[in-house]
Amino acid sequence: MIFQDPMTSLNPVYTVGRQIAEAVQIHTKASRSVAMAKAEEMLRLVRIADPERRVNNYPHEMSGGMRQLAMIAMALACSPELLIADEPTTALDVTIQAQILRLIVDLKERTGTAVMFITHDLGVVAETCQRVIVMYAGRIVEQANVIDLFARPAHPYTQGLMRSVPDRRRGRQRRLPEIPGIVPSLREPIVGCSFAPRCPVAIDICRDKTPALRDVGSSHAAACWRAEEVMGA
Ligand code: SF4
């Protein structure tokens, strides 16, 4: 797993190499010297310059982007079948973000590891994902392949997310449309559709009955009573 904040995910009192090697030793029972060699190899794989020196750096001796690359190296060190990347680029500036996203996609193709991105950034979704699951209040509200999702979003929450992204094709915008209200508290049971208090097209049934996730196209499903109308809008 790659966590979102590389500064708090790395232990400040151990070198980066030792932390990567620790994962290798625990999972593969390799000796310390073999694990350290693997750590250096992993830093090279994620394209950190001068890996022979960097392997002995402490986290504070690296930039934020480099620390995140080290986290990716650590996550991939034991050749996982699935890599979970939880907002892996939010703490980084946009240039480093683009570099890290390209690297993750490239490594996915080279190593055969499947990648699950957890993100609020629809730009990241559009650029890196094939299949998308949109969640709201802890439940799946829509799932589709990335082309269908962006071409014909079937849930008002997905549409709201898309409208609230700046689009240069729309020219100068004074204010981005927002989704009014806040996410409901999950401490209380939710009756009906959890998005109803914020939904611009809610009707009576939405407040009484929870819509189940159902097919609205081939490989496209949504949990909305009005999904077909929403898609056609
Ligand atoms: S079920 Fe109703 S309230 Fe929920 S998203 Fe669909 S239209 Fe809106």
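Both ligands and their constituent atoms are indexed starting at 1 by order of listing.
A side chain to side chain donor-acceptor pair (under 3.5 Å) with Asn57 is found for one member of His60, Arg54, Arg53 and no other, namely Arg54. For the pairing with Leu69, the side chain to side chain contact (heavy atoms under 4.5 Å, CB included) check across Ile96, Val46, Leu43 returns one residue only, Val46.
Protein N/O/S atoms nearer than 2.8 Å to atom 6 (Fe) of ligand 1 total 1.
Relative orientation of the Phe195 and His155 rings is tilted, given thresholds of 30° and 60° on the angle between their planes.
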*asked:* With side chain to side chain donor-acceptor pair (under 3.5 Å) as the criterion, how do Ser164 and Glu178 come out once you've worked through the C-alpha distance, each side chain's angles and the decisive distance to 0.1 Å?
replied: CA-CA 6 Å; Ser164 61; Glu178 69 201 35; over 6 Å; no

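Contact check on Asp106 versus Arg102 returns no salt bridge, with no Lys/Arg side-chain nitrogen under 4.0 Å from an Asp/Glu carboxylate oxygen.
At distances below 3.5 Å, not a single donor-acceptor pair connects side-chain atoms of Trp225 with backbone N or O atoms of Asp204.
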